[in-house]
Protein chains: 2
Amino acid sequence: MAAAPRTTMADVAAAAGVSRALVSIVIRGAAGASDATRRHVLQVAADLGYRPDTRARLLRSSRTRLIGVVFNVTEPYHAELVELLYEAADAEGYAVTLSATGPRRGEREAVESLLDLGAEAVIIIAPSGTAGQLAGFPVPVVSLLGTVGGAEPGTFSSVSSDEGAGIRLAMGHLRGLGHRRIAHIDGGSAVGSAARRGAYEACMDGSGEAAVVLPGGPLESDGSRAAAALLTSMGWPLPPHDAGPAARGTAASPARPATGGRASGAPTAVVIFNDRSALGALDTFRAAGLRVPGGLSVVGYDNSRMARLEHINLTTIGQDGAELAAAAVRSAAARIGGGPGQDVVVAPSLVRGGTTAAPAPPGT
Amino acid sequence: MAAAPRTTMADVAAAAGVSRALVSIVIRGAAGASDATRRHVLQVAADLGYRPDTRARLLRSSRTRLIGVVFNVTEPYHAELVELLYEAADAEGYAVTLSATGPRRGEREAVESLLDLGAEAVIIIAPSGTAGQLAGFPVPVVSLLGTVGGAEPGTFSSVSSDEGAGIRLAMGHLRGLGHRRIAHIDGGSAVGSAARRGAYEACMDGSGEAAVVLPGGPLESDGSRAAAALLTSMGWPLPPHDAGPAARGTAASPARPATGGRASGAPTAVVIFNDRSALGALDTFRAAGLRVPGGLSVVGYDNSRMARLEHINLTTIGQDGAELAAAAVRSAAARIGGGPGQDVVVAPSLVRGGTTAAPAPPGT
DNA sequence: CAAAAAAACTAGATCGATCCAGTAAACTTT
DNA sequence: AAAGTTTACTGGATCGATCTAGTTTTTTTG
């Protein structure tokens with residue numbers, strides 16, 4: 001209960017018979033102590049169970065070796081990146097503190113709490129704020145995934161994956177399987193949606209088929225809604241809505257067209273903004289009796305942990321989170337050291353899963 | 001680039017024409033300053049954009065008003081609690097710092113990083129460590145959801161929901177709908193699994209029906225696997241496995257028994273360890289053509305955000321995260337103040353969704 | 001071997017706040 | 001109006017580390 005008074009550097013110095021300053025040198029691993037005393041001091045420190053007080057250290061030294069990370073706690077993919085950021089920061093000799101955003105906690109607020117703790121740089125995952133809202137911080141800010149809207153060059157540095165390339169990978173994969181009529185469910189106003197939609201449209205351009213973009217969003221429910229819209233446009237009957245629990249069950253399943261019975265101009269594949277949306281869409285497709293990948297191929301984006309679950313096994317675009325995390329930390333470290341802010345773009349890769357296959361031959 | 005020197009308390013004092021100590025009083029909101037000067041100082045501080053330096057404050061005062069939270073970044077329900085903890089702590093006048101656990105970051109390590117930042121208490125969400133691994137910290141530790149195995153009473157305080165009551169709510173709900181043969185997919189070795197399984201078995205005891213427990217786990221894939229096992233035991237044909245992408249699609253769906261055609265002793269409802277597992281199970285049931293809730297009612301546990309997505313709309317047991325978070329913070333605050341560690345149990349509630357309904361009348 | 005250079009070590013100032021003891025002024029009380 | 005009490009405010013010590021500038025010891029070198 002009664003907190004034992006902390007073992008301080010002075011205690012170690014007294015016990016080792018040296019000055020406080022020398023203990024400081026040894027603990028920091030700085031130059032200026034002989035190997036013999038170094039070992040001795042470390043031994044004494046260990047015996048006393050000494051742990052340096054970060055607060056005091058931070059107060060005095062300009063260097064805190066602390067990187068703050070702002071993330072949205074509800075976004076599973078951010079969570080994965082957080083994990084990787086811990087490792088990346090560790091490799092560069094930095095520690096990480098987290099601050100979550102949420103409905104009642106904006107990005108500014110999150111960043112400020114990190115500054116109070118002495119963060120030397122802040123990495124914001126998929127920032128939604130504009131430059132105006134995120135400017136004026138006394139430390140470098142790195143945006144990981146997505147850029148800060150309206151920022152002057154050099155103010156923020158950003159690390160993102162090449163959205164265009166990712167979409168092109170997805171489209172190339174589908175075309176390689178034989179797909180021609182490919183639809184897109186976009187991310188609505190989410191970060192990165194415009195870039196991905198644009199790349200999709202560019203890919204369709206000149207292919208002889210019209211681009212079909214369904215308005216979506218970043219969430220499962222958005223994908224589900226868009227999927228329902230796509231099914232309707234394909235002339236596929238929707239199942240009764242889930243709302244009425246008791247109305248179900250004994251009712252016979254609605255008649256379904258055979259696989260080849262859908263409208264001949266209907267898409268045979270769909271590229272979806274992200275994995276969460278794709279999961280919602282998958283659920284809706286399957287609930288409607290449309291088989292994936294038999295009746296429709298589906299490609300997501302993010303290669304999130306969810307997508308890799310064996311019963312889902314989504315074909316998706318992987319963003320190499322480890323590389324993104326490492327690049328973000330390196331960029332932050334470089335700017336802490338006074339270097340210039342630079343924008344890093346990491347190449348994505350295709351992750352083949354079980355939700356894509358060759359389209360059903362017409363008339364089967 | 002060049003970090004502007006921080007505005008310090010001395011700057012504010014000079015600008016306001018008062019002493020540093022008085023500024024400190026005003027900033028802390030302590031007694032001992034007239035309303036007029038209070039307003040004046042605050043105005044000057046705001047004009048200069050002054051923000052107190054947490055590090056210095058922490059160093060000097062024994063109080064840091066900082067609560068550390070350890071959570072598993074991959075667990076969506078933890079993320080929800082984190083969000084609520086921010087609010088709960090704020091209400092009690094505390095700030096929150098986060099530290100994530102992960103494959104390469106254990107609970108001890110996470111707690112230590114929080115202590116280095118000066119946390120006065122630590123809340124661990126669903127701790128997996130035993131008392132031995134988590135003992136010896138100089139600050140109070142509160143476990144939120146789940147208890148620390150083998151801890152002496154008074155060492156840790158815990159805040160959890162009443163697992164038994166939750167399961168009884170689920171069972172009561174199903175029985176009220178007319179279900180008698182109810183199965184359970186458990187949580188394997190996950191925190192809380194034993195308590196929930198025990199409560200289920202107690203509920204089945206003396207009902208005239210045998211308890212059916214399928215080994216599961218906390219993840220979607222665990223639920224999916226257990227669901228497949230349940231289907232097999234029900235004599236329901238499994239669909240071809242997702243593994244072979246090209247093998248699907250054109251193949252005709254396997255013949256399926258009519259709703260009433262399954263083995264007469266088969267369960268009509270299943271209570272599942274948590275929502276994630278339930279989601280995996282739902283997916284598998286539906287992929288096999290078994291309608292939920294028509295052919296089988298499903299109840300989850302957690303009332304996670306996922307469960308509330310409209311296209312999922314899972315019937316589940318809600319744990320009132322806000323209440324749990326508030327209780328955890330209150331408990332931490334009480335123990336910081338030297339109070340005794342007490343264990344709080346919060347009552348869960350039933351959240352009616354679209355995955356439960358009356359069982360199909362036999363022979364339909 | 002003395003002088004110069006390098007390495008090992010130390011005292012004291014310092015970071016930016018809080019805490020404590022004490023002073024000055026305003027307000028009660030008798 | 002003198003004595004006591006409360007309120008408003010201040011100077012200086014302090015938290016536990018780092019940093020700067022110096023001092024002592026050891027090593028190198030001409």
Side-chain angles (χ1 to χ4, degrees), chain A residues 3-42 44-45 48-66 95 115-120 138-139, chain B residues 3-42 44-45 48-66 93 95 115-120 138:
Chain A
R6 219 176 213 286
T7 314
T8 140
M9 201 169 251
D11 299 338
V12 177
V18 296
S19 71
R20 295 179 349 254
L22 185 55
V23 176
S24 173
I25 288 171
V26 170
I27 295 295
R28 275 177 295 149
S34 69
D35 273 5
T37 41
R38 200 175 285 273
R39 266 193 303 277
H40 175 226
V41 168
L42 285 175
V44 171
L48 294 181
Y50 170 74
R51 285 184 66 86
D53 187 321
T54 316
R55 304 166 289 179
R57 183 208 297 266
L58 300 198
L59 175 58
R60 175 60 222 207
S61 68
S62 38
R63 304 302 317 275
T64 66
R65 304 211 72 85
L66 199 60
L115 295 184
D116 289 349
L117 289 168
E120 286 186 80
V139 301
Chain B
R6 219 177 212 284
T7 314
T8 143
M9 201 170 251
D11 299 337
V12 177
V18 295
S19 71
R20 293 179 353 259
L22 185 56
V23 176
S24 173
I25 288 171
V26 171
I27 295 295
R28 276 177 295 148
S34 70
D35 274 4
T37 39
R38 201 175 286 274
R39 266 194 302 276
H40 176 225
V41 168
L42 285 176
V44 172
L48 294 181
Y50 169 73
R51 286 186 65 85
D53 187 320
T54 316
R55 305 167 288 178
R57 184 209 297 265
L58 301 198
L59 174 58
R60 175 61 221 205
S61 66
S62 38
R63 306 302 318 277
T64 66
R65 305 212 72 86
L66 199 60
L115 294 184
D116 289 348
L117 289 169
E120 285 186 81

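Basis for what follows: all heavy atoms, side chains included, without hydrogens, waters or symmetry-related copies. Note that this is a predicted model, so its numbers are computed, not measured. Chain identifiers are assigned alphabetically (A, B, ...) following the order of the sequence lines, protein sequences preceding nucleic acid strands; residue numbering begins at 1 within each chain.
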Review point. Atom CG of Leu48(B) to atom C1' of dG16(C): distance rounded to whole Å?
Key: 15 Å
Review point. Is there a donor and acceptor pair closer than 3.5 Å between the side chain of Arg20(B) and the base of dT18(C)?
Key: yes
Review point. When you measure from the side chain of Met9(B), which nucleotide among dG16(C), dT18(C), dT10(C) comes out closest?
Key: dT18(C)
Exercise for review: Nearest whole angstrom, please: distance from the P of dA17(D) to the CG of Asp53(A).
Suggested key: 6 Å
Point to revise | Distance, rounded to the nearest Å, where Ile25(A) contributes CD1 and dA8(C) contributes C1' | key: 8 Å
Revision key, fill the gap. Taken to the nearest whole Å, CZ/Arg51(A) to P/dG16(D) is 16 Å
Review point. For Val23(A) and Gly17(B), take the nucleotide of DNA chain D holding the closest heavy atom to each; which residue's nucleotide lies nearer the 5' end?
Key: Gly17(B)
Practice item. Grab the CZ-P distance between Arg60(A) and dA13(C) for me, whole Å please. Key: 12 Å
Sequence neighbours left out, cut at 3.5 Å: what donor-acceptor pairs do the side chains of residues 13-24 of chain B make with other protein atoms?
unit_1, atom_1, unit_2, atom_2, d
Ser19(B), OG, Leu22(B), N, 3.3
Ser24(B), OG, Arg28(B), NE, 3.1
Ser24(B), OG, Arg28(B), NH2, 3.1

Exercise for review: Specify the separation, in whole Å, of atom CZ of Arg57(B) and atom C1' of dC15(C).
Suggested key: 16 Å
Study note, to complete from the structure: The reported gap from CG in Leu115(B) to CD in Glu120(B) (rounded to nearest 0.5 angstrom) is 11.5 Å
Revision key, fill the gap. Per the under-4.0 Å heavy-atom filter, residues of residues 27-38 of chain A near DNA chain D come out as Arg28(A)
Check your understanding: In Å and rounded to the nearest 0.5 Å, what is the CZ to CD1 distance from Arg51(A) to Ile27(A)?
Key -> 11.0 Å
Point to revise | Protein-nucleotide distance (Leu22(B), atom CG; dC9(D), atom P), rounded to Å | key: 6 Å
**Study point:** Reported CZ-to-CE distance for the pair Arg57(A) and Met9(A), which is rounded to 0.5 angstrom
**Key:** 7.0 Å
Check your understanding: For the helix from dC1(C)-dG30(D) to dT30(C)-dA1(D), how many degrees between its two end axes (five pairs per end), to the nearest 10°?
Key -> 30°
Practice item. Could you tell me the separation between the CG atom of Asp11(A) and the P atom of dC15(D), rounded to a whole number of Å? Key: 11 Å
